[in-house]
Amino acid sequence: MNFLLSVAFVICWSSGFIGAKLGAGSAPAVTVLMWRFLPLAVILIVVAAVSRTSWRGLAVRDVARQAMIGVLSQSGYLLTVYYAIQLGVSSGTTALIDGVQPLVAGALAGPLLRQHVSRKQWLGLCLGVSGVAIVTMADATAGTGAPWWAYLIPFLGMFSLVAATFLESRSRVRVAPAVSLTVHCATSAVIFTALAASAGAAQPPAELSFWAAITWLVALSTFGGYGLYWLILQRSGVTEVNTLMFLMAPVTAVWGALMFSETFGPRTALGLAVGLAAVVIVHRGDTSSTRVCARDRDMDTGEVARPAKYGA
């Protein structure tokens, strides 16, 4: 059962990058994102109004913090991913850059959260960055038509995810997944609706392909990916989830190559292999000091450290 859940999770999470590619062919990025989140936010708000149990005890500042996390983890991150894909960056490249986020967050945990980062973990980070560079160069020289600066855009989204991770890690109030999802989606719906309206792109196209992409994104990426994330987290723990997250890049790269004929040559395969090697090194690195620091911090705050839970 755990194996099947893991396979379903990897497929659903990776589907977000494929869905972004599907939507990019029929409408601007802000239009796709507006109609992805607007109906979803309405549904979640109605559910929240009916069942208020998870909202009890939350202060206004807690909801405001979740809204800010939503701005960083969904609005800022997804806008950069969709815009980069719309400019011609392959879905596999954007997924790989996104996959470096846990490595960067782990490296920054040292100076920002005073957690120990071992030499093996630093080596893993360097390897991960090298893998991203190899895949990005392979994609950029494949004649996709994307301008060179388009490959910098996913990095902005990745750092937006890192900022959201640290903002959430510093919160002393544990928020239920249903609450955070509702606040994040409602915040994204407001932002993307405002952006689409200001750009004159709020009206959705009549093409069936557009609504197929929206259905794909809501059903597979949001409910499927997010729901399975929490289910696996409860059943198997943080390490299992984080390990599965690093499978998103190769799965998306193969998926994009089969579905959209995106480049998947020897350099792409090499870059993905280097990235996976980085993951193995980081997970096998000396984490004893990190665990001590995490334990001390959790004793001070009275909560369990939470991983990032964001994706396309």
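We number each residue from 1, following the sequence as shown. When reading the values below, keep in mind they use all heavy atoms of this one structure, side chains included, and skip hydrogens, waters and symmetry mates.
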Spell out, as yes or no, whether a donor-acceptor pair under 3.5 Å connects the side chain of [X] to the backbone of [Y].
X      : Y      : result
Ser15  : Cys12  : yes
Gln203 : Thr31  : no
Thr252 : Gly92  : no
Thr93  : Val89  : no
Ser14  : Val10  : yes
Ser51  : Val47  : no
Ser198 : Leu195 : yes

Close side-chain approach of [X] to [Y], heavy-atom, < 4.5 Å:
X      : Y      : answer
Pro204 : Trp211 : yes
Val30  : Tyr82  : no
Phe17  : Trp255 : no
Leu40  : Phe223 : yes
Val179 : Gln66  : no

- Message: Within the supplied structure, the quantity of interest is the number of heavy atoms (other residues, nucleotides, ligands) at a distance under 6.0 Å from Tyr83 OH; does it exceed 12?
- Response: no
- Item | Within 6.0 angstrom of Trp148 CH2, more than 12 heavy atoms from elsewhere | no
Single-linkage hydrophobic cluster, 4.5 Å side-chain cutoff, [X] and [Y] together:
X      : Y      : answer
Trp13  : Leu5   : yes
Leu217 : Val42  : no
Phe264 : Leu258 : yes
Leu4   : Val7   : yes

Spacing of [atom1] belonging to [X] relative to [atom2] belonging to [Y], to within rounding of 0.5 Å:
X      : Y      : atom1 : atom2 : result
Leu152 : Trp149 : CG    : CH2   : 9.5 Å
Ile43  : Thr182 : CD1   : OG1   : 11.0 Å
Leu79  : Ser188 : CG    : OG    : 10.0 Å
Cys185 : Leu44  : SG    : CG    : 5.5 Å
Ile134 : Arg267 : CD1   : CZ    : 9.5 Å
Thr187 : Gln74  : OG1   : CD    : 8.0 Å

Determine the minimum heavy-atom distance between [X] and [Y], stating which atoms define it.
X      : Y      : answer
Phe37  : Ala189 : O-CB, 3.7 Å
Ala150 : Pro154 : O-CD, 3.2 Å
Met259 : Ile18  : SD-CG2, 3.6 Å
Tyr77  : Thr80  : O-OG1, 2.6 Å
Ser180 : Val175 : N-CG1, 3.9 Å
Ile214 : Val32  : CD1-O, 3.4 Å

Which side-chain N or O atoms in residues 19-26 pair as donor and acceptor under 3.5 Å with protein atoms at least two apart or in another chain?
residue : atom : partner : partner atom : Å
Lys21   : NZ   : Glu262  : OE2          : 3.3
Ser26   : OG   : Gly23   : O            : 3.2

- Any chance you could lay out the side chain to side chain contact (heavy atoms under 4.5 Å, CB included) test for Val162 and Phe166, step after step, and finish with the verdict? CA-CA 6 Å; Val162 172; Phe166 283 107; 3.5 Å; yes
- Stepwise side-chain hydrogen bond (donor to acceptor under 3.5 Å, both in side chains) check, Thr94 with Ser91: CA-CA 5 Å; Thr94 55; Ser91 55; 5.7 Å; no
- Message: Under a 3.5 Å cutoff, is there a donor and acceptor pairing between the side chains of Arg36 and Thr222?
- Response: yes
- Assess whether side chain to side chain contact (heavy atoms under 4.5 Å, CB included) is satisfied between Ile153 and Leu87, documenting all intermediate values. CA-CA 10 Å; Ile153 296 176; Leu87 289 172; 3.7 Å; yes
- Message: Could you walk me through whether Val183 and Trp55 satisfy the side chain to side chain contact (heavy atoms under 4.5 Å, CB included) test, starting with their C-alpha distance in whole Å, then the side-chain angles of each, then the deciding distance to 0.1 Å, before giving a yes or no?
- Response: CA-CA 11 Å; Val183 175; Trp55 295 79; 3.6 Å; yes
